[in-house]
Amino acid sequence: MRSYQLSNTLFQRAKEIIPGGVNSPVRACRSVGRDPVFIRSAFGPMIKDADGNEYIDYVGSWGPMILGHSHPAVRRAIAEALDHGTSFGAPTELEVELAGMIIDAVPSVQMVRMVNSGTEATMSAIRLARGFTGRNIIIKFDGCYHGHADMLLVSAGSGVATLNIPGSPGVPDAVTRHTISLPYNNADAFIAVMKRSGADVAAVIIEPVAGNMGLVPPEPGFLDILREQTAQYGSLLIFDEVMTGFRVAYGGAQALYSITPDLSCFGKIVGGGLPVGAYGGRKDIMAHVAPQGPVYQAGTLSGNPIAMAAGIATLKEIRQPGFYEKIENTAARLAKGFRHVSEKTGADLTVNRVGSMIGVFFTGQPVNSYDDARKSDLNRFASYYQKMLEKGVYLPPSQFEALFVSGAHTENQIDETIRAAETSLKEIFD
Ligand SMILES: *Cc1c(COP(=O)(O)O)cnc(C)c1O
C-alpha cells in the first residue's frame, strides 16, 4: 500500500484556509470518494506526489501538457524570457509572435486578443458577440463547460456536472434569462429553437468536441447544421476550443471537421502550462474590441511575457511533422486496450476517442450527450479511480472529464495502464 500521509496532512491544513482545500472544485476528488494527492513535481508523462508516489499522468493539468511535463524546450523558453523581466503592462514582441502563430494555425482567426484563462476568453467572446449583433440570447449545449462566467453556468459540464449542481447560487436569473441550453448532438431541438428565436440569438457557443462531460464527439453533420443555421439567422457561431484547440489537430476541431466558426476561444495548450487564454475570429467582428471598437475588455497581466514564451515554445514543438499522428497512435492504443479489457472482464464500458482525448464511461450504452453520460455507474467509476491510483495511474477524478495522452507517453506506459485497468475492472466486476 502506498502512503499518502503528507498529502493528507496538507489537505487537512488546506481545508481550514482554502474553501474545500482546493483552488478549483474537481481537484478535491469528492465524487470519487477520497482526498486529493498533493503534487510535488512532474516530468514527461509521470507525476509525483508529496509522499513520493509516482503515477502515469492522464490529466496533463487538464489539457495543457500536450508535450508532457517539464518539456526542455518550454523550460528553456521560460528561462530566457525570465532573464528580461516578468511583466511590463506594455506590448511586447512575444505577444505579436504568439498571435501570429494562432492565426497561422487557425484560418478562421484573423485577429486575436490574449487573456489569462479560458473563462475570460469565452466570457469576452460572448460580450463581443452581443455587442456586435446587438442581440442578447446565447445558445449553449448541456454538459458543455465554458468556464465559470455567470451567463454560461447553465447545465454546465466539468465540476458543475461532477458535483451534480444545476447551476450556481450567486448567478441572478436576470443574467441567465438569455441563455438557452439544448441537448448536445440534437439537431432537431436546435433547429426548432432557431426557428422560434433565431433572430434574437447573438451567438451559439459549443465545444466542437465535448470534453467536459467525459469525451463526446459531435455526430456527423451536427456542427454543419449549427454553421448553416447561425449563418441563416445572422447569429455568430463560437467554437470554444479551449480544450480542443491545438489538441485534436494543430488547427483545432474546426480543422478536423472543416467548419469555419465566426469566433474561437483558446486556452490550455496555447499557454504551454502557464495561465493564458485567447479569443479571436473574423476581422470585422474583432474590430469591435476596445480600443479599436466599443466592446470593452482588458487585463493587467494579459499577454504576459513568460506565459507567451511558454505558449510559443509549445506550439513550435507540436507543429513538427508527425506529432499529431504520434499522439493519436498512442491514444488509439490506449482506447483499444480499454475496449479489450472491458470486454474481457465483462465491464461493458463505452470508450469514446477523438485524437488524443479519451472518455471511458461506465455504461454499455453509446454516449452522445450529457443525458447519456449521466447513465454511467458513478460508484463503479469511483472504485475504478481509487484502484487505478493505487496502481500508479493518475486519472481525472471524475466520470465527466476526459483523459489526455501526451507526446511523452510511451507504449510501455500505455500497456502498463491497460494492465492496471484490467486488474481493477476484474476486482470491480467479479
Ligand atoms: C477548461 C475550459 C474552459 C475554462 O478555462 P479556464 O482556463 O479553466 O478558465 C472553458 N472552456 C472549455 C471547453 C474548457 O475545457
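Since the model is a prediction, treat every value here as computed from it, not as a measurement. Every number for a ligand or one of its atoms is a count from 1 in the order of the listing.
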*Can you list every pair that meets side-chain hydrogen bond (donor to acceptor under 3.5 Å, both in side chains) and has a residue in residues 197-222, with sequence neighbours left out?*
E207-N212, E219-N368
_Qualifying side-chain hydrogen bond (donor to acceptor under 3.5 Å, both in side chains) pairs, either residue in residues 254-272, two or more places apart_ = S108-Q254, R227-D262, E241-Q254, Q254-S264, D262-R282
Donor-acceptor contacts, no H, no angles, side chain residues 77-96, under 3.5 Å, sequence neighbours left out:
residue : atom : partner : partner atom : Å
H84     : ND1  : E80     : O            : 3.1
T92     : OG1  : E95     : OE2          : 2.9
E95     : OE2  : T92     : N            : 2.5

*Ring centres under 6.0 angstrom apart (F266, Y279)*: no
_Do D372 and F361 make a side-chain contact, defined as non-hydrogen atoms from C-beta onward lying under 4.5 Å apart?_
no
*Is there a salt bridge (charged side-chain N to carboxylate O under 4.0 Å, His left out) between R127 and E120 once you walk through the steps?*
CA-CA 10 Å; R127 181 183 304 144; E120 265 189 79; over 6 Å; no
*Near ligand 1, which residues have a heavy atom under 4.0 Å away from one of its atoms?*
S117, G118, T119, Y145, H146, G147, E207, N212, D240, V242, M243, K268
